[in-house]
Chemist: 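Dumping the structure here so I can ask a few things about it.
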Amino acid sequence: MHIIIIICIVAIGLAMLGIVYRLIKGPTAPDRVIALDAVGVAIIALVGLFSIFVGTSFYIEIILLLAILSFIGTIAFAKFLEKGEIIDRDNSNQ
């Protein structure tokens, strides 16, 4: 069982190399957003596999935190690409 988990960890690690290449080299900004989201998913998968390998459930909170941060980062980056700013400041009340 441990050998299969180690093989999966190595496979995800190799896939992350390709994802990081696309994150750096991506021809367009949407490619980089998708690669950033894929990096988050790959890290979540690695933490999950490590949790199974160690045999503990203490890493579930870390997985949830990484998922939330990955989602917020993707939404913020997509909003930045669409509008040019992340936080809209309404100056009409001054």
Side-chain angles (χ1 to χ4, degrees):
M1 181 70 175
H2 287 290
I3 295 173
I4 294 172
I5 294 173
I6 291 172
I7 291 171
C8 291
I9 289 172
V10 169
I12 292 174
L14 290 174
M16 279 187 66
L17 290 175
I19 295 169
V20 169
Y21 173 76
R22 182 54 54 198
L23 183 65
I24 294 169
K25 184 74 175 172
T28 63
D31 290 332
R32 290 186 175 106
V33 172
I34 293 170
L36 186 64
D37 196 36
V39 166
V41 171
I43 291 173
I44 290 168
L46 284 176
V47 172
L49 285 171
F50 182 72
S51 175
I52 293 170
F53 184 74
V54 175
T56 184
S57 64
F58 292 124
Y59 296 106
I60 301 299
E61 291 86 7
I62 295 172
I63 291 172
L64 290 172
L65 180 67
L66 286 171
I68 291 168
L69 288 175
S70 176
F71 176 74
I72 291 172
T74 302
I75 295 299
F77 199 47
K79 186 175 179 182
F80 176 73
L81 288 177
E82 181 181 339
K83 294 186 177 181
E85 59 185 45
I86 297 172
I87 299 173
D88 296 330
R89 292 195 169 91
D90 187 20
N91 293 329
S92 63
N93 293 334
Q94 293 181 354

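As the structure is a prediction and not an experimental result, all values here were calculated from the model.
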Chemist: Sequence neighbours left out, what pairs pass side chain to side chain donor-acceptor pair (under 3.5 Å) with at least one residue falling in residues 39-65?
Modeler: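 Qualifying pairs, neighbours excluded: none.
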Chemist: Could you list the cluster mates of F58? Members are the ILVMFWY residues connected by side-chain heavy atoms closer than 4.5 Å, either directly or through other members.
Modeler: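 F58 clusters with nothing; isolated.
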Chemist: Which pairs count as side chain to side chain donor-acceptor pair (under 3.5 Å) when at least one residue sits in residues 3-17, sequence neighbours excluded?
Modeler: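 Matches after skipping sequence neighbours: none remain.
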Chemist: Is P27 close to R22 at the side-chain level, that is, under 4.5 Å between some pair of heavy atoms?
Modeler: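 They are in contact (side-chain heavy atoms under 4.5 Å apart), so the answer is yes.
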Chemist: If the condition is side chain to side chain donor-acceptor pair (under 3.5 Å), which residues does T74 pass it with, not counting sequence neighbours?
Modeler: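 Applying side chain to side chain donor-acceptor pair (under 3.5 Å) to T74 gives D37.
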Chemist: Partners of Y21 by ring-ring contact (aromatic ring centres under 6.0 Å, His included), sequence neighbours excluded?
Modeler: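 Listed in chain order: nothing, the list is empty.
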Chemist: Taking only residues two or more places apart in sequence, or in another chain, which ones meet F53 in a ring-ring contact (aromatic ring centres under 6.0 Å, His included)?
Modeler: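 Expected list: H2.
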Chemist: Can you tell me how far CD1 of I52 sits from CD1 of I4, rounded to the nearest 0.5 angstrom?
Modeler: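 Nearest 0.5 Å value for the CD1-CD1 distance: 11.5 Å.
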Chemist: Under the side chain to side chain contact (heavy atoms under 4.5 Å, CB included) rule, collect the residues that match up with L81, sequence neighbours excluded.
Modeler: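 Side chain to side chain contact (heavy atoms under 4.5 Å, CB included) check on L81 returns A29, V33, F77.
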Chemist: Going by the rule side chain to side chain contact (heavy atoms under 4.5 Å, CB included), which residues pair with L14 if we only count those two or more places apart in sequence or in a different chain?
Modeler: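 Here the qualifying residues are V10, L17.
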Chemist: Among Ile, Leu, Val, Met, Phe, Trp and Tyr joined by side-chain contacts under 4.5 Å, find the other residues sharing a cluster with I34 and list them by chain and number.
Modeler: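 Members other than I34 - counting any ILVMFWY side chain reachable under 4.5 Å - there are none.
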Chemist: Which other residues end up in the same hydrophobic cluster as I7, if Ile, Leu, Val, Met, Phe, Trp and Tyr are linked when side-chain heavy atoms come under 4.5 Å apart?
Modeler: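 In the cluster with I7 are I3.
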Chemist: Who are the side chain to side chain donor-acceptor pair (under 3.5 Å) partners of T28, not counting sequence neighbours?
Modeler: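 With sequence neighbours excluded, T28 shows a side chain to side chain donor-acceptor pair (under 3.5 Å) to D31, given in chain and number order.
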Chemist: Can you give me every donor-acceptor pair (side chain of residues 40-50, partner residue at least two apart or in another chain, under 3.5 Å) with its distance?
Modeler:
none

Chemist: Return the minimal non-hydrogen interatomic distance between I24 and R32, and the atom names on each side.
Modeler: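 Looking at all heavy atoms of both residues, the closest pair is O-NH2, 3.4 Å.
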Chemist: Indicate if I5 and V54 have the same hydrophobic cluster label, given that clusters are the connected sets of ILVMFWY residues with side-chain heavy-atom separations under 4.5 angstrom.
Modeler: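 The answer is yes; both residues are in one hydrophobic cluster.
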